[in-house]
Each structure stands twice: as C-alpha cells, then as structure tokens.
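Just so we're on the same page: letters track the sequence lines, and every chain starts at 1.
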Amino acid sequence: MTTPHTPRARHTRRAFLGAAGGAAALTTLAAAGCSAGSTSGTPEPGTDAAGSPRRGGRLRATFAGGGASETLDPHRTNLFVEAARAKALFDKLADFGSDMSPQPRLAESWEPSTDATRWTVRLREAVFTDGTPLTAADVLHSYRRITDPEGAFRARASLESIDLDASRAVDDRTVEFVLKHPYAEFPNALAAFGAYIVKDGAEDFTEPVGTGPFRFVSFTPGSSMVAARHDAYWDGAPYLDEIEFLVANEETARINALLGGQVEYAHELTPTTARTHEGGGQVTVVRLPRSAMQAFVMKTDRAPFDDPRVREAFFLIADRQQLVDSALAGAGEIGNDLFGKGYQYYADSIPQRTRDLDRARALLREAGAENLTVRLDTSEVAAGFVEAATVFAEQAAEAGVTVEVVMGNKDTYWSDILDSGQLCCYRSGSMPIESHISQRLLTDSTTNASKWQREDFDALYEQAQATLDEAARTDLYARMQRTLHAEGGFLVWGFADWIIATANNVGGVDREAPANSLGWARFDKVWLA
Amino acid sequence: MTGLAHFAVRRLALGLLQTAAVVVLVFVLTEALPGDAAVALAGDQPDPARVEAIRQAMRLDEPAAQRFADWVLGLLRGDLGTSLVSGRPVSSYLAGGLGPTLLLAGITLALLVPLSLVLGVAAAGREGGPLDRAISTVTVGLYAVPEFALGILLITVVALRGGLLPPTAVGAGGDLLAQPAVLVLPVAVLLARPVCSLSRLVRAGMVEALASDYVRHARRQGLGEARVRYAHALPNALAPAVQQLARTTDWLLCGVIVVEALFVIPGLGTLLVEAVAARDVPVVQGLAVVFGLVTVVVNLAADLVVHRLAPRGEVVA
C-alpha cells in the first residue's frame, strides 16, 4: 500500500501526501483500536464556519488528474483524483484514521486467532447502489482480483500475506482469512490503498457499482465525474445531492477556478498560493500538517554510507529548519530521521537531532572520509526536491563534504533511485509505520531504497507481527525506531503540509486527515451552506 | 494533368513520406526515452516484480521491431492501436482531444485572418504615419509577451478582478460551445502573438508592393487607388503571410499546451504531454500521425494559395 503518486501526469506540484492528526485525535483513534466500532475523523457538526450541516447542492471539487487514461477501476487507483473518486463510489473493509491506525468500515469487527494467523472479519449490513446486499462473496472476489498476478494491481503486495485459497466465507456476512504468517497488523492490509470491495464477478467499471456514499452518474476521463447521493448508504446518506470531480492539472488553474466560483474545493495548492489567500476572506485555506515525509536516502550497503559513522555525520550535517524554510517554503515542520511523526507507534520519546558540524567532522575523520565527495540524485518529480538538494549541498560544504547534485528524469525517478546511486531525495505519503517498515526496510522489501538489510531488524519486525498485545508491540516498534534513528539510511529532515482550499460556504472538511486517510477527500460528510 | 495539380500530387506524396518518417522517428525516440510505460506507471512503487508484471501485461517484453510492425499493420487497416495505460483505443483519445483543439484553432483562425489583414493594410496605408506607428508599437510590444504571462494577466484582471468572464474552462468538459464565455480568454491569448506577426508581414508586404514597379505602372494606367491597392498590391503582399499562417495553423492544431493547461481545456496538446510522460507509445504515435498529416495538408494548401497569388514567386517543393 502506498499513497497515490503521479506517474502519468507530470505537474511538479503533484504530491503524495498524508497528514498526521493532532495529539488528541491520535489518542482517541488509538483507543478505538481494532474492534467493532464507529467511524471517525469527522469534525463536530456546528463548529464549522459554514454553520451546521444542511442537505442539498452539488459540490464541484478540482484535482490534478491523469488525462485520458484515467480509470474508474477502484483497484487501479493511482492518483489522488482516482483515490477520491473511488472513495465516493466504493468502500474498503477498513480505512486509516488520522494517525494511520486502521478503523473499521465495511468490516464491522475483526478478531485474530491467538497466533495471529487467522482473522475472522464480520461484515456490516451494507448495500450496493444497485440495491443488492454486501456479502462475503463480494469480499473474496475483490481480494482475488487484486491479488491476481496477471493484474499487477497496486494493492497486491499489501494483500500478499493472505492465503486466499484457504480463506473462506463462513456465512454471508463473515469471512475467515487465513494468513501465510502471523500478522498482528493485518487490519492495515484491509485498509490498503486500492483494496476496495467491488461486486462479486465485477470486472468492467465503465458504470461502476459500489457500496460507497455516492452512486455513479457520468464520467469523462481526464475531465469530470459526476456522482449522486446514495440514499441507502450504510454510514448515513451524504449531505450533498451531487459531487462532481473536475480535473485541472495546473495549480494556477485550480486556484483560479476556486476564486472564480467555478468550483468549491481545490486540492493540492502551493505554500505561496496559501499565503496569498490565507486570511483574505475570499476562500478558506486548509493546511493538513505533517503530511509528506521529506528525506534524503543513504544507501547503507555501499561506500561511503556502509560506514555508520558517515551516516551519523550526515544526520548531523543537516540544518533541518533551513531545509523546511527553503525547500518547503516554510510549509512544514522538521523531522527526526524517522517516518510517521504523529502516527500510531511513532517513537516521539527519542530526542530531536540537531545540527553539530564539529561532531560531524570528527565522525568523518574517524571513518577516514575527510574531503568526501558524494553524488546526490534529485529530480523535478516532486515539489522542493531540487531546492532541498541544492540547500543540502551548501550545508554539507560547511562540513567539508562535496555534494554533487545530479538531476534525474522525473518520469522514471523512483525506479532509477531504487538500486543505483549513493544518496537521493525521497518523499513518502502517509501510511502506517508498519507498512513503511515492511515495504522499505526489510531484507526482502520490494522498494528498499536505503538497502537496509539486517537480520536482527527483520526479526524484530516478525516478532512484532506475532505479538497481539499492543503495549508489547509498541515496545518492539520503539526498539526498531531507535535503531533506525541511530544508524538508519533515512535522513528524514521534514514533514510537509498538505494544502487545500475551499469556498467559504463549504462545511465539514476534515482539517487533520492525511491524504488517503479516511477523512481526506471525504465528501459524504461535507455540506454546502 | 495541369501544372498545379501535378505540383499538388507531388507535394502530397512527399508529405505522406515525411509523415511516415516522422512516425518512425517518434517510435525510435520514444523507445530511446529512459524507462518504459511499466516504469512510468509503477511510479513511486517501483517494486521490480510489479514492474515486470505490468510490462508483460502491456506486452512490452516483446521486441521493439515486433511491436512496431504490429502497429504499422494496424495503421494500414486504419487501426491506431490501443493505449498501453488504459487499454482504450487510441482513436477515442484523438476524438476526445480533437474537438476542443479544432474549436479553439477554428475560432482563432476565423478572427486572425481578417484582423491581421485590416491591421496590416491600415498600417501600410500611410507608412510612418501616426496610425502605422501606433499599430507597430502595440504589435511589437504584444508579440514580446509570452502566452503564459498574458494568460495570467487576463485571468487576473478580466476574470478575477473584473468578474467579466470565467477564469478557466473547468466544468465545461469537451462541449465548450455550450458555454461560449469560457472560450473568450483562451482565444484572446492564442490570437495575441499570431496577429502581431501576421499583421507585420502583411504591412511589410504591402509597403513593398506599393513601392513596386507594377503598382506604379497600374497607377500610371489611371486605375483607382482602391483597385491598385486591393487588386494589385495586396495579393502580392500576401504570399509570405500565407506561409506564416500555415505555420500558425500547425501551432494551433498541435495544441498550444500552455493555453490548454492554463484554461483547463482538454485538447491535443494536453494529451501529448500526458502520453509522453506515461510512455504511452501508441497514443504518442497516433498523435504524431495526426500532427504529421495536418502539417502536410496545411502547408500544401498554403503553397497552392501562394502559387495562385504570386505564380512568379516560385515555391520550392
């Protein structure tokens, strides 16, 4: 599971982000935990500038898109706009709260076996937009489709732990999932990006039928999708009569359309735009803090970064505040070389690292790496990458390290940096810390850009997944994070805000939800005053 | 066969050859781009197994020559192939993008031709006079403003401050005619620079023609000034302008990417940018064919018109 990225459309302000909720949200959501329960993340009605909720109207929301190749197949979602549309039409068994902990959705409850290899998922009473009820068969079909090796669906890696041949429908509303190995964080898989539940047998999505809050009306790829309220939605019918998703790839076009009254919601704006219009009264700017991890990745398996002293020296070279101020235009906060600030299991007891050039020089001397020259790969693939690389090169020069900034191709950047190079710019959207570890930091992880391959670390992860006791698991995550903080390959220097803006008559927009979490782009809880 | 028809056929054959060459070149160049559609599609999750699966699903594991041959064979049957990314036919992509682009280009041309003629002839009417100087100052100045800057300026002043016109075409979809107001600003931006270059060319041609021997001769014959001007001088003055017009048409049809992006008009230019980024070779190829043919036909038409206007000014085929 990953966040939507924009491999197809090329506009630099495209991001794949997610925000951590505030501390309050973190505790309440963690307490909701993994049992039966309510939904989450929506602000209290009545607290909004747009007054209390009211029914009616069509909300027009504009997103960056993917052109004529966009699809409504929810298992092929790849872009923010596709994720937002899939969320309007479909549901997953679970979704992520603002702290990236899994919240039950179509699953009413989940119960693990004592060894965490068998999970019984009870489905809630929900109906598709064609009136048929949701059943276990729909769930099994959906997951079989996603994991079909021919399909190359994005969520396949996240569902790989399930042995679908052994899994079965206990009854119409109960599924028993058999896993290939213990997986205490299995609900994360149910919430994986793109793991939507479609109807049994569904393969064609030109007129999609889902259990989501809206029912499909019309779609023009690269331009517009209209959906209308699903009155029988299990989580309560939306306030809006209709939602229209409109595509505008240029950030200027999105904000202009909002200012000109052509849309009521503009996704993905720059810090400059936000500053210009914040407090101006024309539109409401929403900043979702701690949204995208910003990092430099050091390849730990090769010189010079195979020496932990060099890695530590680089951790100490970074002036994080300066990076945030210049590369993110101040729209963010500093990081502490760990993923997932503010998320469930984040080790916030580890002290914040600060710049120490003397110590860095001493470490480099010890490692015999004085007058070091390092190549730093960057690209215009994401906002701020080139600026971050340039600024860091200047910071490194003060410690006597020469950083050569190399510009890469933005269409192939993520694939290019996976195995080659020494040091590169990196960014990640929101996902649980468990997913970050399993996708990027285990010996057999498929996108292990830092080449972090340590048996003791793998063992800790496995132990955590065999541990159902949450407190014990929290300890194990803390141990993993202490190791990463001390000698890992991710120099996490900041977390960027995610910026959206709405017309002033829009109420109910979640102000804490990271992109791809439950509350983000959740139009069933939004109203027009 | 008359000389003109012979010339036209020869030019058309050459043009088709050129188009074929462009198509081959596009294929070779897109093959040479770093990364393929599978890598582009995998994006920030370049799990090697997944990339390989996507590659197989797209049949990118087959040799390039084989894929090219399949594509050419399809083309000969009138089949442009299917998009690697969506699996939808390339023709549906073209059909979607062509409408908005044709509409924009058509309206722009319909305004461009009379406007530049009037401006050019008026400026040439009294060389160096106040009108000439005024027109020259404005056209030279306007020509120096890039589309992007002009677009932003117009949006800010006319649409957002003035509230007179919609700032973008968001929400109009492919049916731009249903909301003609959304077309005004994009057409204004598209018109701005060509009108300058064309009217300058018309003016220069007219100034030169009016000073030429045959015009003097016509005047000596006692013909009226209007007749001298429009029947004798203007046709000769137009030849360079017509060729410039053909180039402008290419530019308009191939989609003015900046204007499409700024005003959110889903035309061919946007389509091309998206397809190149996604390494969606069949779509890029399909667009290359269309652009190639359009260029050939428009330039052929221009040459024929020039041939007709000023037969002595030989055209190199």
Inset, instruction - Look only at the side chain of A:Gln262 and the backbone of B:Thr168, and say whether a donor-acceptor pair between them is shorter than 3.5 Å. - result: yes

Inset, instruction - For residues B:Pro167 and A:Gly260, report the shortest heavy-atom separation together with the two atoms involved. - result: CG-CA, 3.8 Å

Legend entry - Point-to-point distance, once rounded to the nearest 0.5 Å, from CD of A:Glu250 to CD of B:Glu260: 11.5 Å

Inset, instruction - Return the minimal non-hydrogen interatomic distance between A:Glu150 and B:Ala57, and the atom names on each side. - result: O-CB, 4.1 Å

Inset, instruction - I would like to know whether A:Thr446 and B:Arg50 meet side chain to side chain contact (heavy atoms under 4.5 Å, CB included); could you show each step before the answer? - result: CA-CA 9 Å; A:Thr446 50; B:Arg50 181 163 172 258; over 6 Å; no

Legend entry - Largest heavy-atom contact set with chain B, pairs under 4.5 Å, which of A:Pro221, A:Gly261, A:Gly222: A:Pro221

Inset, instruction - Could you give me the CA-CA distance, side-chain angles and deciding distance for B:Val51 and A:Ser415, then say whether side chain to side chain contact (heavy atoms under 4.5 Å, CB included) is met? - result: CA-CA 9 Å; B:Val51 170; A:Ser415 161; 5.8 Å; no

Legend entry - Minimum side-chain heavy-atom gap B:Val170-A:Arg60 below 4.5 Å: no

Legend entry - Heavy-atom contact with chain A under 4.5 Å, split by part of B:Leu271: side chain

Inset, instruction - Give the minimum heavy-atom separation between B:Gly43 and A:Trp414, together with the two atoms involved. - result: O-CB, 3.0 Å

Legend entry - Closest non-hydrogen atom pair, B:Asp44 against A:Arg154: OD1-NH2, 2.7 Å

Inset, instruction - Would you give the length of the straight line joining atom CG of B:Asp36 to atom OG1 of A:Thr412, rounded to the nearest 0.5 angstrom? - result: 10.0 Å

Legend entry - Proximal component of B:Leu165, with respect to chain A [non-hydrogen, under 4.5 Å]: neither

Inset, instruction - Specify the closest pair of heavy atoms between B:Ala261 and A:Ala253, including all atoms of both residues, with the distance to one decimal. - result: O-CB, 4.0 Å

Inset, instruction - Rounded to the nearest 0.5 Å, what's the gap from CG on A:Asn256 to CD1 on B:Ile152? Could you check? - result: 7.0 Å

Legend entry - Separation of A:Glu70 CD from B:Glu274 CD (nearest 0.5 Å): 8.0 Å

Legend entry - Contact summary for B:Ala53 and A:Pro149, nearest pair of heavy atoms: CB-O, 4.0 Å

Legend entry - Over 12 foreign heavy atoms within 6.0 Å of CD, A:Glu207: no

Inset, instruction - Could you tell me the separation between the CD atom of B:Gln45 and the CG atom of A:Leu418, rounded to the nearest 0.5 Å? - result: 11.0 Å

Legend entry - Interface moiety of A:Leu246 toward chain B, non-hydrogen atoms closer than 4.5 Å: side chain

Legend entry - B:Leu160 versus chain A, the contacting section by heavy-atom distance below 4.5 Å: side chain

Legend entry - Interchain contact, A:Asn409 with chain B, by part (heavy-atom threshold 4.5 Å): side chain

Inset, instruction - Side chain from CB out, backbone as N, CA, C, O: work out which of these in A:Thr252 comes under 4.5 Å of a heavy atom of chain B, or both, or neither. - result: side chain

Legend entry - Under 4.5 Å from a heavy atom of chain B, the part of A:Phe153 involved: backbone

